[in-house]
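Read through the structure below, which is laid out as structure tokens, and then see the notes.
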Amino acid sequence: MIWQSTRARAGRARLTAPAAAAALAALTAVVSCSSGAGGGADGGSPGGVRGQAQPPAAVTPSPTPSPTKTYPLSTAPRTIPSVRTHEAARGPGWRPGPGSAVVVAKGSEVLADEARLLSQELKTGVRNGGPVRAGDVELALGSAAPDPASAAPESYTLTTRDNRVRITGPDEAGVFYGTRTLKQAVRSGGAMPEGVVRDRPDRPQRGLNVDIARKHYTAGWIEARLREMADLKLNQLGLHFSDDQGFRIASDSHPEVVSAQHLSKEEVRRIIALAQSLHITVVPEIDSPGHLGAVMKAHPQLQLRNINGVPRQGAVDISNPESARIVDDLLREYSGLFPGRWFHIGADEYQALTVRDPESSYPQLARAAQQRFGPGARVQDLATGWLNDRAAVVRGQQKQPKAWNDGFFRGGVVSGDKNVEVEYWTGKELGSREPQEYLAEGRKVVNLNDEYLYYVLGEPNEFTYPTGRRIYEQWTPLVLRGTTAVPARYSSQILGGRLAIWSDLAGAQTQEQVAAGVRMPLRAVAQKLWTPGQPPLDWAGFTALSDRLG
């Protein structure tokens, strides 16, 4: 203190007069300042004697300002599938806290369902409109101009800044997928990292196919798969509900074909409603002219028989007009039940075409082909005509038809409808061709490669259960058959893919075992259909992330 230092100097040396005067003036100033600093009632120092100099109080130095907290650059959120791009930034990120709410932006009220679901998952409040406060998440429709990618269907932009999150997208599905990213980021890392995510799917069709015809699955099990799919940004559930072993959805037009164990229409409507809320389209499939054993059990007169009267399993006689009438009744009925864009009409494995000489073995089919398409027509042309006719029926119901690749033949007088989406599953069946042939014809193709994507219960016919690791490390949407990719120039014609559960040996696994068995394959498929290129994590890291996300 000045008081102490002045005394110390005075004791060590005699001061000159001018120096003494200066010291006295400085001392007087200190004492005066000290005694006016808010002391006792008499204006002096607390407890002091009026007019008597007191030692000055210590001068507190100005505090050193606390350094501003700095943050390392953020890293991309850990999600399945991984995000396409993340613009790093410095900051604490966002996590839900007391008072956090999900806010629907003005003019985006259609996002109320997405907001409610996210608020339940993150345990926050929810508000429609109003100011966006610190701690909030805002959902809004609209693209982030001028970035053209932000206007792509199902795309979204997620911005984390100033303890707020804003998710925008050109459609409801895009905003919903942004909420899936936020949910997973909080679950995997505790917070949504600072910065901007710009994300969109690589392929428009991404999903799961389930054979509910040969094995009955409960509505609750199907709904659980829908919720699982939604978090993985999958958007298509195929339901193969008619086959030789069963017909599993109630029918009003032909109740006689329905199996004892089946889904009621009310259950189907509940499944569809949940799917719609999760931006998943349910695609029904009635497979014909093969795989119709359950229908023929009630209508044995439709059974295809060879020249010796021997029946062929699952195959209807497509020269019999009644076959088309019953199948078309069912196609129209279920087109009304399922509101989605697509209807799968099957067309695979028609047993009349598996023999050496179909025309000799099935003369009734050969005659019908020639009567309809001319003297050069063969049985395969009649089968192609059947496919085209069924496609026309569902198109008349405002549906986009799909069919299996082995229902499209080469070299006939009749060609398969070019506007039917080809679901490529095999190169092993009669009539199947190399994927490149379909693509060279300009057809749109969906990938269900049986080498990687077929989960066949009981593993018959040399099938083995697919592993997530093999899909993750080896498969891409371009690998349509076997393990070889088609040339990249055809990429735009490959619409996407689905993992497929087939119930060939229905008792081989329980529902719960099937769900566990497809868990990692489904996650690997989701990754490869959403984010192109090499995944950011190795398989061990991907598995660990999946375990953390639950």
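Since we're looking at a predicted model, the values are computed, not measured.
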### Task
Go through the steps for Y438 and R433 under the test side chain to side chain contact (heavy atoms under 4.5 Å, CB included), then give the verdict.
CA-CA 8 Å; Y438 302 84; R433 297 177 280 151; 3.6 Å; yes
With sequence neighbours excluded, residues passing salt bridge (charged side-chain N to carboxylate O under 4.0 Å, His left out) with [X]:
X: D244; answer: none
X: R248; answer: none
X: K265; answer: D252, E333
X: R225; answer: E228

### Task
May I have the step-by-step check of side chain to side chain contact (heavy atoms under 4.5 Å, CB included) for V518 and L499, ending in yes or no?
CA-CA 8 Å; V518 301; L499 182 73; 3.9 Å; yes
### Query
Do other residues, nucleotides or ligands put more than 12 heavy atoms under 6.0 Å from the CD atom of E256?
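Check passes, neighbour count above 12.
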### Message
Can you confirm whether E512 is buried at CD, in the sense that more than 12 heavy atoms of other residues, nucleotides or ligands lie under 6.0 Å from that atom?
### Response
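Yes, the 6.0 Å shell around CD holds more than 12 heavy atoms from other groups.
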### Task
May I have the step-by-step check of side chain to side chain contact (heavy atoms under 4.5 Å, CB included) for D211 and H240, ending in yes or no?
CA-CA 5 Å; D211 169 13; H240 175 95; 3.4 Å; yes
Give me the atom names and distance for the closest heavy-atom approach of [X] to [Y].
X: R180; Y: L117; result: NH2-CD2, 3.9 Å
X: A347; Y: D287; result: N-OD1, 3.0 Å
X: L365; Y: A352; result: CD1-CB, 3.7 Å
X: P201; Y: P153; result: CD-O, 4.0 Å
X: P170; Y: A152; result: CG-O, 3.2 Å
X: R116; Y: S119; result: O-OG, 2.8 Å

### Query
Yes or no on side chain to side chain contact (heavy atoms under 4.5 Å, CB included) for F373 and T384, after CA distance, side-chain angles and deciding distance?
CA-CA 11 Å; F373 300 114; T384 300; over 6 Å; no
Is the shortest side-chain heavy-atom distance between [X] and [Y] below 4.5 Å?
X: H216; Y: H262; value: no
X: Q236; Y: V283; value: yes
X: L545; Y: S188; value: yes
X: Q184; Y: R187; value: no
X: H254; Y: F247; value: no
X: L480; Y: L439; value: yes
X: L353; Y: F409; value: yes
X: Y452; Y: T483; value: yes

Short question: side chain of [X], backbone of [Y] - any donor-acceptor pair under 3.5 Å?
X: Q398; Y: G396; answer: yes
X: E359; Y: V379; answer: yes
X: T218; Y: W221; answer: yes
X: K399; Y: F338; answer: yes
X: Y490; Y: P435; answer: no
X: N405; Y: W425; answer: yes

### Query
Is there a donor in the side chain of S319 and an acceptor in the side chain of R372, or the other way round, less than 3.5 Å apart?
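Absent: no donor and acceptor within the cut-off.
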Output yes when [X] and [Y] qualify as a salt bridge under the 4.0 Å nitrogen-oxygen rule, no when they do not.
X: R481; Y: E434; value: yes
X: K233; Y: E154; value: no
X: K444; Y: E421; value: no
X: D231; Y: R227; value: no
X: E322; Y: R325; value: yes

Let me confirm one number: the [atom1]-[atom2] distance from [X] to [Y], rounded to the nearest 0.5 Å.
X: I326; Y: L302; atom1: CD1; atom2: CG; value: 4.5 Å
X: H291; Y: E349; atom1: NE2; atom2: CD; value: 4.0 Å
X: L522; Y: L453; atom1: CG; atom2: CG; value: 10.5 Å
X: D171; Y: H279; atom1: CG; atom2: NE2; value: 8.5 Å
X: I249; Y: I286; atom1: CD1; atom2: CD1; value: 8.0 Å

### Message
Enumerate the salt bridge (charged side-chain N to carboxylate O under 4.0 Å, His left out) contacts for residues 294-312, please, sequence neighbours excluded, ordered by first and then second residue.
### Response
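Those involving residues 294-312 do not exist here.
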### Query
Is the W386 to Y350 ring centre distance short of 6.0 Å?
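Judged by ring-centre distance (under 6.0 Å), W386 and Y350 do not meet the cut-off.
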### Message
The criterion is side chain to side chain contact (heavy atoms under 4.5 Å, CB included); which residues satisfy it with Q527, sequence neighbours excluded?
### Response
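Q527: side chain to side chain contact (heavy atoms under 4.5 Å, CB included) contacts with P81, S82, Y472, T531, P535, P536, F542.
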### Message
Using the rule given for side chain to side chain donor-acceptor pair (under 3.5 Å), can you reason through S546 versus R519, listing the C-alpha separation, both sets of side-chain angles and the distance that settles it, and then say yes or no?
### Response
CA-CA 9 Å; S546 180; R519 181 176 179 274; 3.2 Å; yes
